[in-house]
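Here's the structure, in structure tokens; my notes come after.
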Amino acid sequence: MNSTDTAKTPKGLFIRTYGCQMNVYDSERMRDVLRPLGYAPVDGPEHADLVVVNTCHIREKATEKVYSELGQLKKMKEASGGRMTIAVAGCVAQAEGEELIRRQPAVDLVLGPQAYHKLPEMIARASRAVGDRLETEFDTQEKFDALPKARDVDGPAAFLSVQEGCDKFCTFCVVPYTRGAELSRSVDDIIVEARSLAAQGVREISLLGQNVNAFHGAAPAIEGGPDWTLGQLCRHIAKIGGIDRIRYTTSHPRDMDDDLIAAHGDTPAMMPFLHLPVQSGSDRILKAMNRGHTAAEFHEIIAKVRTVRPGIALASDFIVGFPGETDEDFEATMELVRKTGFAIAYSFKYSQRPGTPAAEMFGQVPEDVKDARLQALQALLRDQQTAFNAEQIGQTLDILVTGRGRMPGQVHGRSPYMQAVHFDGPADLIGQVASVRISGSSLNSLTGEFITAREAAA
Ligand code: 5AD
Ligand code: SF4
């Protein structure tokens with residue numbers, strides 16, 4: 001069989017994705033990398049020739065899930081007579097390396113987040129049982145350069161990775177160790193990818209990065225000049241025909257520069273939604289976390305953003321039970337939440353991660369205290385979310401319709417504020433922006449009545 005025949009033989013690919021949106025994007029890109037080899041997605045691991053588990057290392061629970069999933073895959077591999085190849089990708093692969101193969105010998109390949117462009121070569125090596133089964137080198141630039149420029153996407157909303165890695169070294173976080181140093185893609189590369197998305201009917205692009213607002217990508221070749229900021233990039237993407245919604249995630253308060261804030265006011269395509277993790281409301285804890293800002297500075301940023309974009313929905317991340325956190329520190333977090341008002345927020349119990357400075361700190365907080373604080377914080381956040389959703393009743397919102405609803409004749413989509421919205425409407429609305437009058441709300445979604453469809457931005 002020659003190499004062309006190999007490329008034509010259909011092979012089943014199943015990718016299980018854990019963790020953040022960056023991993024969702026990486027999984028899509030792995031599909032792009034594997035497509036020319038004849039791999040096509042199948043709907044379950046039991047039908048797959050290649051299973052990739054794209055992992056998350058951020059909290060202990062996420063890591064544990066990987067090993068239990070690998071145990072199940074081992075059984076399927078045995079049932080397949082060994083035909084199945086099992087690859088572990090992502091941040092657990094980066095952090096655990098060889099240890100993964102030792103703990104679960106059914107694993108054939110281990111590749112870190114900067115190595116997935118090497119999958120074809122690794123698969124070839126595995127099939128011949130020669131060479132390394134592990135790729136955890138950090139060469140983010142090489143990966144960016146090697147990725148296929150063309151994307152193959154489904155639906156009107158897509159992720160686009162513009163920056164990777166992190167140099168902030170928050171004391172609780174594994175990301176600087178698993179994703180490596182901060183690196184931005186060049187503006188030219190990003191624009192090529194954004195145009196290819198627009199050409200496939202994408203209307204909303206979410207720019208991704210671990211620290212996306214620290215973006216400083218090489219300026220377009222025709223302009224030369226210094227690196228571009230995220231604000232400049234967003235304004236430029238807004239001019240691409242068909243793209244009428246831009247989001248970015250996830251950002252750091254320290255990188256919320258004035259130009260990016262101004263872009264929220266002067267660029268209508270930038271959606272009125274900002275995810276700005278703050279983690280804690282206590283200056284003492286923020287310092288111990290090495291966040292590099294105070295609660296007052298966070299409030300100042302929010303005030304500036306609200307001045308240029310009144311009504312913007314705010315989202316954030318919180319950690320409770322960081323080492324040394326007292327009742328008073330926790331109360332400061334509750335106070336920050338009450339003062340700010342969030343449309344949605346993600347909150348977690350602090351998880352000790354091996355190799356991070358906070359894991360070695362004195363004053364680790366007992367599990368029951370963490371539990372109680374998490375419950376109190378989540379109750380407050382739920383109330384704010386419910387209230388924010390209820391505020392939309394009576395408003396007419398532009399909804400990007402992303403798919404069919406659960407009920408016959410229903411479709412669903414997303415509001416500018418990231419809320420899920422269900423309404424009765426024809427299926428040919430999918431992919432379009434619809435004007436919808438909101439008539440009902442709950443904690444997690446809105447309902448409404450379809451008014452009219454809107455043309456894509458020219
Ligand atoms: N424990 C708990 N939560 C964490 N996060 C990151 N590291 C940890 C940890 N060790 C949370 C932060 C971050 C989000 C992606 O995950 O809130 O913003
Ligand atoms: Fe982790 Fe902090 Fe970097 Fe975010 S900014 S990825 S929390 S180290």
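As the structure lists them, so they are numbered: ligands from 1, and atoms in each ligand from 1.
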Checking side-chain polar atoms at under 3.5 Å, does [X] have a donor or acceptor matched by the opposite partner on [Y]?
X      : Y      : result
Gln114 : Glu164 : yes
His275 : Asp317 : yes
Gln419 : Asn389 : yes
Tyr417 : Glu391 : no

Enumerated ligand 1 atoms positioned under 4.0 Å from heavy atoms of [X]:
X      : result
Lys349 : 1 (N), 2 (C)
Tyr350 : 1 (N), 2 (C)
Gln279 : 12 (C), 13 (C), 17 (O), 18 (O)
Arg353 : 10 (N)

Show me which atoms of ligand 2 lie under 4.0 Å from any heavy atom of [X].
X      : answer
Lys168 : 5 (S)
His252 : 5 (S)
Phe172 : 7 (S)

Quick one: nearest non-hydrogen protein atom to [atom], plus distance?
atom                    : result
atom 6 (C) of ligand 1  : Ile58 CG1, 3.4 Å
atom 7 (N) of ligand 1  : Phe172 CD1, 3.3 Å
atom 1 (Fe) of ligand 2 : Cys173 SG, 2.3 Å
atom 1 (N) of ligand 1  : Ser351 N, 2.9 Å
atom 15 (C) of ligand 1 : Asp317 OD2, 3.7 Å
atom 8 (S) of ligand 2  : Cys170 N, 3.3 Å

Do other residues, nucleotides or ligands put more than 12 heavy atoms under 6.0 Å from [X] [atom1]?
X      : atom1 : result
Glu60  : CD    : no
Lys168 : NZ    : yes
Glu360 : CD    : no

- Is the centre of the Tyr18 ring less than 6.0 Å from the centre of the His57 ring? no
- Message: To the nearest 0.5 Å, what is the distance between NE2 on His412 and CG on Leu446?
- Response: 14.0 Å
- Qualifying residue for ring-ring contact (aromatic ring centres under 6.0 Å, His included) with Phe318, from Phe348, Phe342, Phe172, Tyr350: Phe342
- Any N, O or S atom of Cys166 closer than 2.8 Å to atom 3 (Fe) of ligand 2: yes
- Message: I'd like to know if Met289 contacts ligand 2, where contact means a heavy-atom distance under 4.0 Å to any ligand atom.
- Response: no
- Message: Looking at non-hydrogen atoms alone, which of Arg59, Gln352, Gln210 comes nearest to atom 5 (N) of ligand 1?
- Response: Arg59
- Query: With a 4.0 Å heavy-atom cut-off (strictly under), which part of Pro176 contacts ligand 2: side chain, backbone, both or neither?
  - Reply: side chain
- Pick one of side chain, backbone, both or neither for how Asn211 approaches ligand 2, counting any non-hydrogen atom pair under 4.0 Å. side chain
- Salt bridge or not for Lys118 and Glu121, using N-O below 4.0 Å? no
